[in-house]
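When reading the values below, keep in mind they use all heavy atoms of this one structure, side chains included, and skip hydrogens, waters and symmetry mates.
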Amino acid sequence: MLQLALIGLLGGLITGISPCILPVLPVIFLSGGVQGARKVTGSGSVATETRPTAVELKAQARQRSQAGWRPYLVILGLVISFSTFTLVGSFLLSLVNLPQDLLRWIGLVVLVLIGLGLIFDRFQHILEKPFSWIPQRKVGTENGGLVLGLALGVVYVPCAGPVLAAIAVAGATGQVGAETIVLTLTFAVGAALPLLVFALAGRRVAERVKAFRKNQRKIRIAGGVMMIALAIGLVFNLPQLLQKLVPDYTSTLQEQVQDNESVKKALDLGGLVNDQNRDLDKCSNGGTELESCGTAPDIKGIQEWFNTPGNQAVNLKDLKGKVVLVDFWAYSCINCQRSVPHLTAWYSKYKESGLEIIGVHSPEYAFEKETRNVMSGAQGLGISYPVAIDNNLSTWTNYRNRYWPAHYLIDSEGTVRHIKFGEGGYQTTEKLIRELLQQANPSVTLPAPIEASDDGPVAGATTPETYLGTTKKVNYAGTQPYKAGAGEYTAPADQAADSFALAGGWDLGTQSITPAGAGSSIALNYHAKQVYIVVSGEGMIDVVRDGKTTSVPVSGTPTLYKIVDDTDIREGKLEVRIPEGIQAYSFTFG
């Protein structure tokens, strides 16, 4: 039990510092933190010259105490509602036959009401009237930190990960026991701790900065506006657009958790083993070559289909002769949203060549069980391939799946040949799709690859853009793990075409890499006419090609520098020597 608690806390902490928290930060800072600043007077205005009475002093002390507790109450409410509704919300709604997204809409309405109460004093009094029988009746606005937290917990949508997957599956399948409750509570606490730190920082700023103390009314209005903006943004999925633009700087931490064998065993994420799925373990996660992992399990327990003729069900047995990619996804999962554009591009490119994609929508949250929400999300993402609504996670369980997104590549005979959990690996997946299409129909003529082939450049094509940061890394050919932090690297002697490798000491960041000592270089094999590098800082980089060295001065913010300019496309090799003080971001090719 202690091990599960530690895993839940760690998983929550990683989520709590991820890009998923960005949409709620302004509300937490203003309404959970700044509004929680302890005031000098009862009204928050400048103190009067008259000496306060004993009753007034007592009231002021009570209000300071209530304000001081506000950040904690907001986060407590978030933990309570997120934990409760994640585990049993769907069950309760089904029991009384109510829409699965009802709780989310209630949370959004509460946010708007609290926001209006903070902006308009008269509306605040209207909100308080139903609670007039309570001695402390400011439930919805000024002192309603717990209510605000409860509303935020319902609409809060953290990024998917192995811990959250275990919780969601337990809640959806009704297998909620003491271990699941411990895991859920510790995950919620872990995710909430960074938010609490942020709220307390807001309170500290408000207490120390005079401008905040003198503008209490404006702060309340700003907090109300932020709440209403958050609610409206969630209705139109605007926070997800923001999260797409921000790289997942916690991906390396998340991978370390999800790939840890002890974590997998403790969470029992593999699901029930049956005759259909027992061979899936023969596939490695993200293998670079085709593997054989048994006959693909059935797609079962589906509530509804769309994007099929007449919205009829799809049976894998009827797709023999086609290459099939089964994608487990959820429409509000930011990891899935970043993955889907690759799938839609493959579907458009290879559908006529024999590729079929089936999106098995496996909800993380109750509101994702509403088909209208899924259809809207699919339309917004440009999904035109068949989608199965797996609200009870029947197919998810039959595949022993544990991630959003997860891709299972099936050959024309119905055998699983490749599995990829999480984002990334798109170049490899496309390469394997092409191999299976050619195996299914040796005479097929395939269009040029989208992600570029791992086997080398296509005639007339150039090396794809090569990012160096850990969150967008592609085309890496080194033998050492490519992960955030400082380390020593050695370039391989037989480096593949269209790839890069590091040599010497490097400090890898999410967006760029920085030399960690003298003698640091990048070995680049390319196929292009022009080669550009995006770097920043101050210094001189040396580009060695065919035994000749060219020096390129670098100065200022990240920008593009041309390091190769030939008259025709050709294959080449470069050694780019980068000194300390310069950050490298990417290579592009023309």
Side-chain angles (χ1 to χ4, degrees), residues 247 249 251-252 255-256 286 288 424-425 427-428 452-457 462-528 530-555 558-566 570-589:
Y249 43 80
S251 59
T252 301
E255 288 172 4
Q256 291 175 349
T288 57
Q427 187 180 10
T428 295
S453 172
D454 284 351
D455 296 327
T462 61
T463 300
E465 187 168 7
T466 299
Y467 297 95
L468 301 176
T470 56
T471 57
K472 298 182 71 175
K473 174 263 303 180
V474 293
N475 308 332
Y476 176 63
T479 56
Q480 296 88 358
Y482 202 85
K483 58 184 181 181
E488 289 289 329
Y489 295 84
T490 303
D494 55 345
Q495 185 174 326
D498 296 284
S499 68
F500 79 95
L502 304 181
W506 286 92
D507 190 358
L508 308 189
T510 57
Q511 298 294 298
S512 64
I513 62 176
T514 306
S520 302
S521 64
I522 305 174
L524 177 69
N525 290 356
Y526 69 92
H527 187 257
Q530 289 99 18
V531 180
Y532 303 84
I533 186 172
V534 177
V535 289
S536 66
E538 299 289 336
M540 190 81 68
I541 63 175
D542 291 330
V543 181
V544 182
R545 184 174 73 148
D546 300 332
K548 297 180 180 179
T549 302
T550 303
S551 297
V552 179
V554 174
S555 179
T559 190
L560 208 65
Y561 294 85
K562 184 185 289 186
I563 56 177
V564 170
D565 188 10
D566 290 330
R570 57 160 284 188
E571 290 188 46
K573 296 183 178 182
L574 299 177
E575 180 188 4
V576 184
R577 299 170 180 170
I578 299 181
E580 292 182 274
I582 290 181
Q583 298 80 46
Y585 294 82
S586 65
F587 291 100
T588 60
F589 306 88

**Asked** Less than 6.0 Å separating the ring centroids of Y532 and F587?
**Response** no
**Request:** State, to 0.1 Å, how close M540 and P553 come at their nearest heavy-atom pair, and which atoms those are.
**Result:** SD-N, 3.3 Å
**Partners passing side chain to side chain contact (heavy atoms under 4.5 Å, CB included) against T514 (at least two apart in sequence or in another chain)** = Q583
**Request:** Identify, with sequence neighbours excluded, every residue that meets side chain to side chain contact (heavy atoms under 4.5 Å, CB included) alongside T479.
**Result:** none
**Prompt:** Nearest 0.5 Å, what's the CG-CD1 distance between L502 and I513?
**Reply:** 5.0 Å
**Asked** Closest heavy-atom contact between I541 and P579?
**Response** CG2-CD, 4.1 Å
**Message:** Tell me if a side-chain donor or acceptor on N525 pairs with a main-chain N or O of A496 at a distance below 3.5 Å.
**Reply:** yes
**Message:** My understanding is that only one of V531, I522, I563 makes a side chain to side chain contact (heavy atoms under 4.5 Å, CB included) with V543; could you say which?
**Reply:** I563
**Prompt:** Going from CD on E571 to OG1 on T463, what distance comes out if it is rounded to the nearest 0.5 angstrom?
**Reply:** 8.5 Å
**Item:** Set of salt bridge (Lys or Arg N to Asp or Glu O under 4.0 Å) partners for D566, sequence neighbours left out
**Value:** R545
**Message:** Just verifying a value: how many Å separate T466 OG1 and Y526 OH, rounded to the nearest 0.5 Å?
**Reply:** 13.0 Å
**Message:** Tell me every residue that passes side chain to side chain donor-acceptor pair (under 3.5 Å) with T549, counting only those two or more places apart in sequence or in another chain.
**Reply:** none
**Message:** Show every side-chain hydrogen bond (donor to acceptor under 3.5 Å, both in side chains) that has at least one partner inside residues 485-496, sequence neighbours left out.
**Reply:** Q495-S499
**Asked** CG of D542 to OG of S551: how many Å apart, nearest 0.5 Å?
**Response** 4.0 Å
**Request:** Quick one: list whatever passes side chain to side chain donor-acceptor pair (under 3.5 Å) with E538, sequence neighbours left out.
**Result:** S555
**Asked** Of the non-hydrogen atoms in S521 and E575, which two are nearest, and what is the gap between them?
**Response** OG-OE2, 3.6 Å
**Message:** side-chain contact (heavy atoms from CB on, under 4.5 Å), that's the test. Do I533 and L524 meet it? Break it down for me.
**Reply:** CA-CA 11 Å; I533 186 172; L524 177 69; over 6 Å; no
**Request:** Specify the closest pair of heavy atoms between P492 and A477, including all atoms of both residues, with the distance to one decimal.
**Result:** CG-O, 3.5 Å
**Request:** Kindly write out the residues that satisfy side chain to side chain donor-acceptor pair (under 3.5 Å) with Q530, not counting sequence neighbours, or none if the list is empty.
**Result:** D565
**Request:** Given side-chain contact (heavy atoms from CB on, under 4.5 Å), test I578 with W506 step by step and report yes or no.
**Result:** CA-CA 10 Å; I578 299 181; W506 286 92; 4.1 Å; yes
**Request:** Locate the shortest heavy-atom distance separating Y561 from V552; write the atom from each residue and the value.
**Result:** CD2-CG1, 4.0 Å
**Message:** Any side-chain to backbone donor/acceptor pair from Y476 onto P481? Under 3.5 Å, distance only.
**Reply:** no
**Asked** Do L468 and Y482 pass the side-chain contact (heavy atoms from CB on, under 4.5 Å) test, and can you show the C-alpha distance, the side-chain angles, and the key distance before you say yes or no?
**Response** CA-CA 10 Å; L468 301 176; Y482 202 85; 4.0 Å; yes
